[in-house]
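Down below is the structure, laid out as structure tokens.
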Amino acid sequence: MERVFPLPGHDFRGPKGVLSVVMDLSTLFMGLGMPNPLIVSSSGLSASVEGVKKAVEAGAGAVVLKSLFEEDIAAAVEQTKSGMSESHPEAESYLRQMGMLLEPDEYLGFVENSVRLVDVPIIASLNCHSANWWVDYARRIEKVGADAIELNIAPLPTDPKLGSAKLEDDLVALVGLARREVKIPIAVKIGQHFSALPHLAARLHQVGADGLTLFNRYYRLDIDIEGLEFKPGDRLSAREEFAPVLRSIGIISSLTNLDISASTGVHGSSDVIKTLLVGGDTAQLCSVLYREGLGVVAKIKENLENWMGRHDYSTIADFRGLLSFRKRGAHYRRLQYVKALK
Ligand SMILES: Cc1cc2nc3c(=O)[nH]c(=O)nc-3n(C[C@H](O)[C@H](O)[C@H](O)COP(=O)(O)O)c2cc1C
């Protein structure tokens with residue numbers, strides 16, 4: 001059943017049309033009305049119904065659930081297949097026809113319960129890198145009521161024969177496949193390392209993506225040089241990591257009709273304001289919540305309202321995109337510190 005969210009500046013008003021808050025932080029993201037542009041991003045914080053509830057109580061405008069990983073789906077399929085007798089050579093097509101009545105069903109229950117519990121958009125997250133079983137899950141996730149899906153696509157090129165064009169073709173094809181399966185909005189979450197991001201973004205829009213989450217911050221590899229062993233790198237981001245996100249959002253939001261969500265290095269209200277100023281639509285919070293707790297959501301909202309008040313803005317539309325690539329392209333084009341050498 002389709003859930004209806006209040007549209008910006010509309011139903012967030014109190015009786016007789018009087019605004020219930022001084023500033024109206026409401027916004028639209030991929031057609032979904034949100035009370036504010038802050039999203040709790042896919043992480044351990046959004047891995048349980050309890051976590052989702054706490055995020056929304058803290059004031060999040062939407063939540064992206066922890067990803068369901070393609071490997072988990074594949075493992076469940078393999079397990080079921082190996083449990084089937086040799087006399088079932090068509091096991092795969094049988095499973096397909098059965099619509100994947102398999103583990104990890106908990107994820108579907110998690111999506112369904114989250115949607116029931118809260119009245120802000122719930123965005124399920126699917127990790128995928130091959131045109132495989134996850135596609136069935138996209139459909140099933142829609143069926144249990146997710147408001148949108150974020151596809152967490154993380155290709156790691158390790159084959160010298162695989163060029164960037166083929167890698168991007170595959171990525172675009174995955175998104176096209178998902179689009180054919182579901183009607184709900186699809187956001188694509190990718191990493192930073194694409195050489196021609198505007199071209200890729202335009203292609204993703206063409207095959208039916210509604211939004212882009214820029215960027216995923218992957219598990220970092222590090223080495224213990226005494227133990228001569230690998231160890232995890234910094235799990236949480238540093239604030240400086242936000243700068244490339246900002247530039248990309250300014251450019252991509254100007255050149256495509258995709259809705260853009262910022263991720264990586266959004267640590268405070270100033271980063272959220274900058275995201276909106278360059279034309280982004282929403283900002284995702286993760287590391288800052290791990291470091292400072294969910295209370296920071298209310299602080300960011302309050303600071304955003306205060307800033308809007310100081311600048312005489314009463315809605316997000318009043319300032320969104322003021323400093324986008326379309327309006328201030330020369331600033332974005334500057335990559336070198338030429339003058340600093342003189
Ligand atoms: C503990 C942890 C778990 C995460 N799990 C996921 C995940 O399942 N799916 C996903 O798309 N991103 C995942 N992320 C990445 C975050 O959603 C986010 O994109 C990244 O941390 C950058 O944002 P930040 O700078 O606000 O931390 C995870 C991050 C952390 C720290």
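Both counts, for ligands and for their atoms, begin at 1 and track the order of listing. For reference, positions follow the sequence shown, starting with 1.
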When only distance counts, is Ser263 in polar contact with ligand 1, meaning an N/O pair under 3.5 Å?
yes
Nearest protein heavy-atom contact for atom 28 (C) of ligand 1: which residue, which atom, what distance?
Ser42 O, 3.5 Å
Hey, does Ser67 come in under 3.5 Å of ligand 1, counting only N/O atoms on both sides?
yes
Geometry only, no angles: is Ser287 polar-contacting ligand 1 at N/O separations under 3.5 Å?
yes
Looking only at distances, can you tell me whether any N or O atom of Ser237, backbone or side chain, sits closer than 3.5 Å to an N or O atom of ligand 1?
yes
N or O contact, Gly265 vs ligand 1, cut-off under 3.5 Å:
yes
I want to know if ligand 1 touches Cys286 in the polar sense, i.e. an N/O pair below 3.5 angstrom.
yes
Flag the pair Asp136 and Arg139 as a salt bridge only when some basic side-chain nitrogen lies within less than 4.0 angstrom of an acidic carboxylate oxygen.
yes
Donor-acceptor contact below 3.5 Å, side chain Ser67 vs main chain Asn127:
no
Under a 4.0 Å N-O cut-off, is there an ion pair linking Lys301 with Glu305?
no
Do Leu171 and Arg203 touch side chain to side chain, with heavy atoms closer than 4.5 Å?
no
Polar-atom distance check: Glu150 versus ligand 1, any N or O pair below 3.5 Å?
no
Out of Lys66, Arg239, Arg235, Lys189, who is nearest to atom 8 (O) of ligand 1 when you count heavy atoms only?
Lys66
Just grab all the salt bridge (charged side-chain N to carboxylate O under 4.0 Å, His left out) pairs involving residues 306-330, residues at least two apart or on different chains.
Asp281-Arg320
Would you mind telling me if ligand 1 is within reach of the side chain of Glu241, the backbone, both or neither, using heavy atoms under 4.0 Å?
neither
Just distances here: any N/O of Asn152 and N/O of ligand 1 closer than 3.5 Å?
yes
Taking distance alone, no hydrogens or angles, what donor-acceptor pairs closer than 3.5 Å link side-chain atoms of residues 228-236 to residues at least two apart or in another chain?
none

Can you check whether Gln284 has an N/O within less than 3.5 Å of an N/O in ligand 1?
no
Can you tell if the side chain of Val40 reaches within under 4.5 Å of the side chain of Val52, non-hydrogen atoms only?
no
Evaluation steps, side chain to side chain contact (heavy atoms under 4.5 Å, CB included), between Arg247 and Ile251:
CA-CA 6 Å; Arg247 188 195 295 263; Ile251 294 172; 4.1 Å; yes
